[in-house]
Amino acid sequence: MDLADVDAASALARLTWDELLDYGTEQKNLRLDNAEIAVALRALRAVLGRLRIVFDPPFRDQSGFHQYWKSRGMSDAGGWAKRRAYLTDLFEPVLAQLETIEDLQTGQQADRDDAAEQITEVTRRRLIDGLDAVRMKIMNELAETGAPVDRPDLFWWGTLDEVAFLDRLYNLDQMPSRDPRYATARLDLIQHCINNDDFPADWIYRDERFGIGAQDGRLLRFLAETLHPVVRPEQVEVRHLHAFYNSVLAHDGYELVQVAQISGAPIFAGRRIGGGVSGTMKNIIFAADGPKPEIVLGDAVNNDIRIVRNAENCLVYDRPLNPEGLTWADLLSWWRDRQSLPTELSDLDAGRALCSRLWRSLASEPERVLFHTYAQAYLLRKDTMRCPALIPQVYLHYDPQTRRQRGGHDSVLGRERMDFLLLLPHSTRVVLEVDGQQHYANGLHVGAAASPHRYSKMAAEDRALRLKGYEVYRFGGHELTRNEAAVTAMLQDFFEALLAKHPFTAP
């Protein structure tokens, strides 16, 4: 279990609780539509499943929630209160279990965070002192557009208050009070931030309870939350603040990048600069085991694609990508829904079925050796659901013509498919290529002459991928067809080193 999962689950639980509460009561200020709340609930079930927390509400979206409360007599007199009470009973036990997990792990996690801090006190001070300059930039931009200009309040809590903001990140009822008159941090903050308003605006940076002034991870998560559309709905403010944060954080090697969106507004997370690929993943088309899919733009403005032919021969993962990447648990949850697998089927058996489908897309014995070794070591074990998914035959570019239609020529777009892709934390994307003779020789027959042209083309494509932020690792097909025990040991050493470089779970 991982604190990143706990954080994600807590945020998703609070978001869906708030949205369903608004939908079931006033039905005003709704931020998520029916489809978006379905995605949020699905993501919440997936991440709670990884934490072994049971969460299976009898509905899957807002419409289902409405039908449920009607069927349970929550529409008559007093129905509003009944719906609120029902949601409290549904979500409070989940949050309580998440708090227990966090309490058990926070001590060890804090030790790890403190050991590798890079953000200096100077940077933290600049983040506070530079807000006046950001205010002026926002006012100048608004003045140029002719919009009414008021001096924006760029408080870190945005349109909320300090207590409501910190509720999104911490369990204030379980944290201690610094005022001896009160039992919890919540009561302490209500008194000093709301009733008396006697705390300075930057008190959060000096309060050791929240770790903002000492731990890089907590500061980055805090800054990203100040840009959240629920906290700060004005996108002109978000744009200027985001640019300001990154200009300051860059000195210590960090940045905030968009990792998702809600209703068209960006969601940010922190990462090390150069640690990944920019942009937001929309879908993954992979594991083709038959004729090439035919893809068209269903909406060219939004860049929405549609497979109009041979869709049955490939897989399309179209769920939002979490900041920690794509885990085997994520892919398996998607596979279960896609195949409508029975809930009583174990994850291990479902995983075997998914691996069998992925296996069919592999075109060579060396590729099968690599995939089999990874699956046995990481995927087909009960205790490794948090490992990254190894995705075969992923489309990088798409040329509507087949090689035969092009007269045997390569696509002008370059390499169309990646042999394997791993989507890791901090927007890191790792490409694994298995090189057969066709990558470096003219022909597949024994003794075929080396081809400088083929090799140069492959090297150029690798450079282009690396410049976009991908990591590329190549295996020679020959080295994967040697002694089986030696190949297995070599691959296991490689994957162990790779996952240690980009860890998914806390040790």
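Note that this is a predicted model, so its numbers are computed, not measured.
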Check your understanding: Any side-chain heavy-atom pair from R239 and E141 closer than 4.5 angstrom?
Key -> yes

Review point. Sub-3.5 Å donor-acceptor pair from the side chain of E471 to the main-chain atoms of R466, do we have one?
Key: no

Practice item. List in chain and number order the residues that pass side-chain hydrogen bond (donor to acceptor under 3.5 Å, both in side chains) with D207, two or more places apart in sequence or in another chain; answer none if no residue qualifies. Key: R178, R209

Review point. Near R125 CZ, under 6.0 Å, is it more than 12 heavy atoms from other residues, nucleotides or ligands?
Key: yes

Practice item. List for me each residue that meets side chain to side chain contact (heavy atoms under 4.5 Å, CB included) alongside D61, sequence neighbours excluded, and say none if there are none. Key: N34, I37, A38, S63

Practice item. For the pair D347 and R336, find out whether any cationic side-chain nitrogen is under 4.0 Å from an anionic carboxylate oxygen. Key: yes

Review point. In terms of heavy-atom contacts, does CD of E496 have more than 12 from other residues, nucleotides or ligands at under 6.0 Å?
Key: no

Review point. Quick one: does Q258's side chain have a donor or acceptor within less than 3.5 Å of a partner on F268's backbone?
Key: no

Point to revise | Residue pairs involving residues 222-231 (criterion salt bridge (charged side-chain N to carboxylate O under 4.0 Å, His left out); sequence neighbours excluded) | key: R168-E225

Check your understanding: Just by distance, do the side chain of D197 and the backbone of H192 share a donor-acceptor pair under 3.5 Å?
Key -> no

Review point. Without hydrogens or angle criteria, can the side chains of T327 and D330 be said to hold a donor-acceptor pair below 3.5 Å?
Key: yes

Practice item. Would you confirm whether N140, through its side chain, and M136, through its main-chain N or O, come within 3.5 Å as a donor-acceptor pair? Key: yes

Point to revise | R338 side chain vs V316 backbone, donor-acceptor pair below 3.5 Å | key: no

Check your understanding: Is the gap between the ring centers of F165 and F222 under 6.0 Å?
Key -> yes

Review point. Atom CD1 in I204, atom CH2 in W157: separation rounded to 0.5 Å?
Key: 10.0 Å

Exercise for review: Check the side chains of Y182 and Q191 for a donor-acceptor pair under 3.5 angstrom, ignoring hydrogens and angles.
Suggested key: yes

Check your understanding: Between N196 and D198, is there a donor-acceptor pair closer than 3.5 Å when you use the side chain of the first and the backbone of the second?
Key -> no

Point to revise | Stepwise side-chain hydrogen bond (donor to acceptor under 3.5 Å, both in side chains) check, S333 with R319 | key: CA-CA 10 Å; S333 173; R319 293 185 178 180; 3.2 Å; yes

Exercise for review: Only counting residues at least two apart or in another chain, list the ones meeting ring-ring contact (aromatic ring centres under 6.0 Å, His included) with Y245.
Suggested key: none

Point to revise | Expected output: side-chain R124 to main-chain I119 donor-acceptor under 3.5 Å | key: yes

Review point. Do F210 and Y205 have their ring centres less than 6.0 Å from each other?
Key: no

Check your understanding: Does R221 make a cation-pi contact with Y170 (under 6.0 Å, within 45 degrees of the axis)?
Key -> yes

Practice item. Kindly state whether the ring of Y374 and the ring of F495 have centres lying under 6.0 angstrom apart. Key: yes

Review point. With distance as the sole test, does H240 use its side chain to make a donor-acceptor pair with the main-chain N or O of R135 at under 3.5 Å?
Key: no

Study note, to complete from the structure: Across all chains, not counting sequence neighbours, the side chain to side chain contact (heavy atoms under 4.5 Å, CB included) partners of D89 are none

Practice item. Keeping the roles fixed (side chain from R429, backbone from L423), state whether a donor-acceptor pair exists under 3.5 Å. Key: no

Check your understanding: If you draw the axis of the six-membered ring of Y395, does the NZ or CZ of R417 fall within 45° of it and under 6.0 Å from the ring centre?
Key -> yes

**Study point:** Whether F55 and F91 hold their rings parallel, tilted or perpendicular, with breakpoints at 30° and 60°
**Key:** tilted

**Study point:** Sidechain-backbone polar pair: Q62 side chain, L32 backbone, donor-acceptor under 3.5 Å
**Key:** yes

**Study point:** Results of side-chain hydrogen bond (donor to acceptor under 3.5 Å, both in side chains) for T159 - residues two or more places apart only
**Key:** none

